[in-house]
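So you know, we letter chains A, B, ... as the sequences are listed, proteins then strands, and number each from 1.
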Number of protein chains: 2
Amino acid sequence: MRRDVFQAIADPTRRAIIMLLAVGALTPNAIADHFDTSRQAVSKHLRILTECEILVQEQQGREIHYHLNAGKMKDLEKWLEQFKQLMAKRFDQLDTVLEQLKSKGK
Amino acid sequence: MRRDVFQAIADPTRRAIIMLLAVGALTPNAIADHFDTSRQAVSKHLRILTECEILVQEQQGREIHYHLNAGKMKDLEKWLEQFKQLMAKRFDQLDTVLEQLKSKGK
DNA sequence: TATATGTGCAATCAATCGGTTTCGCAAATG
DNA sequence: CATTTGCGAAACCGATTGATTGCACATATA
């Protein structure tokens, strides 16, 4: 079972959950209140998010508080950064070409 | 059919294709050479990436060159930025709380 | 013109996804 | 001690996914 940040954020409900928990930890019921789906459906999303370590559980009596593990989002950030660097390098090469054309034009 | 950047980058092959094309435009066959799957499978990924406007086709004779539309990745960047801002705000609040505790301690 | 090449598209299939319903269990509450 | 509450797990279901295979159709090439 593939379980990474990329697959986790593919679902809009999960993205919304991440945003919710970015503000502060919540229990499953509290989270489910924000959505139209059942608590169980939300619970499934929480399981997926926990499995790929985006969320962390904190048991308090019979309640479970889901916390965000912000560090995991770095995986996404890293990939995006890598992509942007590749693009930047490409534009640098383009700049070089343009520069060469310019100097030849003289 | 959901077709957004988030769903597009959920698949590892598609992420690899994006990275490939970040370096420069390629034809489907050239792209498929980099993977173990069939050309048709790659072609499907290209269709998905094109549908959500991450890729743009450029016909040249019987060849099709797939270009990256780097701008589309902004959707992802925006979401990530929004997330980071929420987290930052939370830490600001935490700072405030700590500040209050400190002044009370005096 | 006959053949090879580059490509998209449709049919098909097993696997996965996201949802609901039902259940079980431990912790709070009366 | 009985009941309510908060939660996860399992069974099930239709829809979607990612892959393969086979085909059609243009454009090059001999």
Practice prompt. To the nearest Å, give me how far apart CD (Gln7(A)) and C1' (dT16(D)) are.
Written response: 13 Å

Item to complete: For Leu46(A) and dC17(C), give me the distance from atom CG to atom C1', rounded to whole Å.
Response: 16 Å

Fill in: Under 4.0 Å protein heavy-atom contacts per nucleotide of nucleotides 19-30 of chain D, with B for base, S for backbone only and - for none
BBBB----BS--

Worksheet, complete the sentence: From CG of Leu49(B) across to C1' of dG8(C) the rounded distance in Å is 16 Å

Worksheet item: In whole Å, what is the span from the CD atom of Glu58(A) to the C1' atom of dC7(D)?
Response: 16 Å

Discussion item. Any base atoms under 4.0 Å from Tyr66(A), or only sugar-phosphate, or nothing? Heavy atoms, all strands.
Written reply: sugar-phosphate

Worksheet item: Does a donor on one side chain and an acceptor on the other come within less than 3.5 Å for Gln60(A) and Glu58(A)?
Response: yes

Worksheet item: Under a 4.0 Å N-O cut-off, is there an ion pair linking Lys84(B) with Glu77(A)?
Response: yes

Item to complete: Give the rounded distance in Å between these two atoms: CD of Glu51(A) and P of dG18(C).
Response: 12 Å

Worksheet item: Between atom CG in Asp4(A) and atom P in dC17(C), what is the gap in whole Å?
Response: 11 Å

Worksheet entry | Verify same cluster id: Val23(A), Phe35(A) (apolar side-chain graph, 4.5 Å) | yes

Fill in: Atom-to-atom span, CZ of Arg15(A) to P of dC17(C) - whole angstrom
16 Å

Fill in: Joint hydrophobic cluster, Met19(B) plus Phe6(A), side-chain heavy atoms closer than 4.5 Å
yes

Item to complete: Check the distance between dT17(D)'s C1' and Phe6(A)'s CZ and give it to me in whole angstrom.
Response: 19 Å

Item to complete: Just say parallel, tilted or perpendicular for the rings of Phe83(B) and Trp79(B), cut-offs at 30° and 60°.
Response: parallel

Worksheet entry | Asp36(B), CG atom: more than 12 neighbouring heavy atoms under 6.0 Å | no

Discussion item. Does a side-chain N or O of Asn29(A) approach OP1 or OP2 of dT5(D) to a distance below 4.0 Å, or not?
Written reply: no

Discussion item. Check for me, please, whether Ile9(A) and Met87(B) land in the same ILVMFWY cluster - side-chain distances under 4.5 Å, paths through other members count.
Written reply: yes

Worksheet item: Toward the 5' end of DNA chain C, which comes first, Pro28(B) or Ile48(A), by nearest nucleotide?
Response: Pro28(B)

Practice prompt. Check whether any side-chain N or O of Ser43(A) sits under 4.0 Å from OP1 or OP2 of dC7(D), and answer yes or no.
Written response: no

